[in-house]
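One structure below.
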Number of protein chains: 2
Amino acid sequence: MAGKSNYHHGDLRQELLTEAQVVIAEKGVEGLSMRGLADRLEVSRTAPYHHFKDKNELLCAIAEDGFRRWQVTLNSFLNQTPESIEVWFESFARAYLDFATESAEHYDLMFGRPIWKQGKPTESLKQLSYDAFQSYVDFVHQCQHQGLISEDQSSLRLAQVSWGTLHGLCRFINDGIYLDRDSVKDMCKSSVKLFTACE
Amino acid sequence: MAGKSNYHHGDLRQELLTEAQVVIAEKGVEGLSMRGLADRLEVSRTAPYHHFKDKNELLCAIAEDGFRRWQVTLNSFLNQTPESIEVWFESFARAYLDFATESAEHYDLMFGRPIWKQGKPTESLKQLSYDAFQSYVDFVHQCQHQGLISEDQSSLRLAQVSWGTLHGLCRFINDGIYLDRDSVKDMCKSSVKLFTACE
DNA sequence: GGATGTATGTTGACGGTGTCAAGATATAGC
DNA sequence: GCTATATCTTGACACCGTCAACATACATCC
């Protein structure tokens, strides 16, 4: 028959990942189904299971991509030696909120319940996310050493709380609670003021 | 037959609400199904649909209960006239984190995607949540008037960012990302320091 | 080059979900 | 007592994740 050459798809694993990201960007995590994904790639329902143990592993792989993408942006900030912590943190906060709101569905997947609570995060995913946070903690610590931030709080706590603030704002925005995107700039400035006022 | 008297259940609507809260506390939102709930109450699958238009309306009703419960705690803080904003905010932050972590699944439902993004929040739910936030904003504004907090930032922004911080930390904890419950106290103190250092 | 093993694809099936439509039954109002 | 209405039931449909069994293509070794 004519179609015998495409019995094997070739690079199904990669196509699953990229197509899944398209679906997620369109309809969110809840809009992604293994069957639907297989349909879009014109493949039988269970074909994806030869490349991912289950749906959770697919989601984790996608989240990993997100962390890798974020780490690039993050590194560009960490490699700077900031003269003013206010300026640095303001642009960092902006970058964070931009990433979270522009790839909203991807961000929600990276930090969302489906993976972290309902499912189980892959070891590699845990590693990637931990690395991202740890490098941020290190950066804060380094800034403290340079006298840019006061040392009366542990760098871990500072990192946790400041990241927590950004995360909380992003969740409010992404989930459509209270906040509108237009106030993002203002909120960045506000959090900068708060976090840098005490140094 | 013997069972003819219990054809009508009596107060099914209320029993659905309370039983649903039990399930959610046990297994989280994702563990709650309309059919399973009906089973637990020994009622046919579609009986609940005579009391709630769909699952979303059930979830909203439960979330409403949560906001009413939280508003009680909130009011007890808002009715105080704080002498020291540091002390007030620290105990407030503690109360917030306690509420969010002790009724973790309920909190996640109140602020989670299933209602706010995937589903559509009921008008009454939107009102309740908006009221809770607005009363917090008013309180901040009042504190500014009394000179307890500096006025160089709008009360709205201050409220948004501080609530956002608490929310972000709660999400990290509840979703099982990075943070352990033991550091909760410390994080409270840290955020207090940050938010009160600039007044 | 033909046999064999492995990776990858397929169909069929099971139990789960939300929810609509149509019918049954109990209560409430006239 | 009749009728309207609220409530509950069964049946059905279209999804979903995933397991088991089978089919096909490719890779390897003799």
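Owing to the predicted nature of the structure, the values given are computational and were not obtained by experimental measurement. Here is how names work: the chains are called A, B, and so on, in the same order as the sequence lines, proteins then strands, and each is numbered from 1.
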Nearest-Å distance, CG (Leu41(A)) to P (dT10(C))? 11 Å

How long is the line joining CD of Glu30(B) and P of dC16(D), in whole Å? 18 Å

From CZ of Arg13(B) across to P of dA6(D) the rounded distance in Å is 15 Å

Look at the aromatic rings of Tyr107(B) and His167(B) and report parallel, tilted or perpendicular, splitting at 30° and 60°. tilted

Rounding to an integer number of Å, can you tell me how far Leu12(A) CG sits from dT24(D) P? 19 Å

Please determine which of Trp88(A), Phe92(A), Phe89(A) meets the ring pair (Phe, Tyr, Trp, His ring centres under 6.0 Å) test together with Phe139(A). Trp88(A)

Base-contact (B) and sugar-phosphate-only (S) positions in nucleotides 16-21 of chain C, heavy-atom cut-off under 4.0 Å, - elsewhere: -BBBB-

Please give, in whole Å, the distance from dG9(C) C1' to Leu37(A) CG? 16 Å

note: Asp11(A), atom CG; dT8(C), atom P; distance rounded to Å ~ 12 Å

Whole Å only: how far is the NZ atom of Lys27(A) from the P atom of dC15(D)? 11 Å

I need the CG-C1' distance between Leu58(A) and dC16(D), as an integer number of Å. 15 Å

Steps toward salt bridge (Lys or Arg N to Asp or Glu O under 4.0 Å) verdict (Lys117(A), Glu105(B)): CA-CA 11 Å; Lys117(A) 192 144 193 180; Glu105(B) 298 295 346; 3.5 Å; yes

Work out which heavy atom in Ser76(A) is nearest to a heavy atom in Thr73(A); give both atom names and the distance. OG-O, 2.7 Å

I'd like to know if the side chain of His106(A) reaches the main chain of Ile62(A), judged simply by a donor and an acceptor atom lying under 3.5 Å from each other, with no hydrogens or angles considered. yes

Return no unless some side-chain N or O of His50(A) is found under 4.0 Å from OP1 or OP2 of dT10(C). no

Side chain Asp186(B), main chain Arg157(A), donor-acceptor under 3.5 Å: no

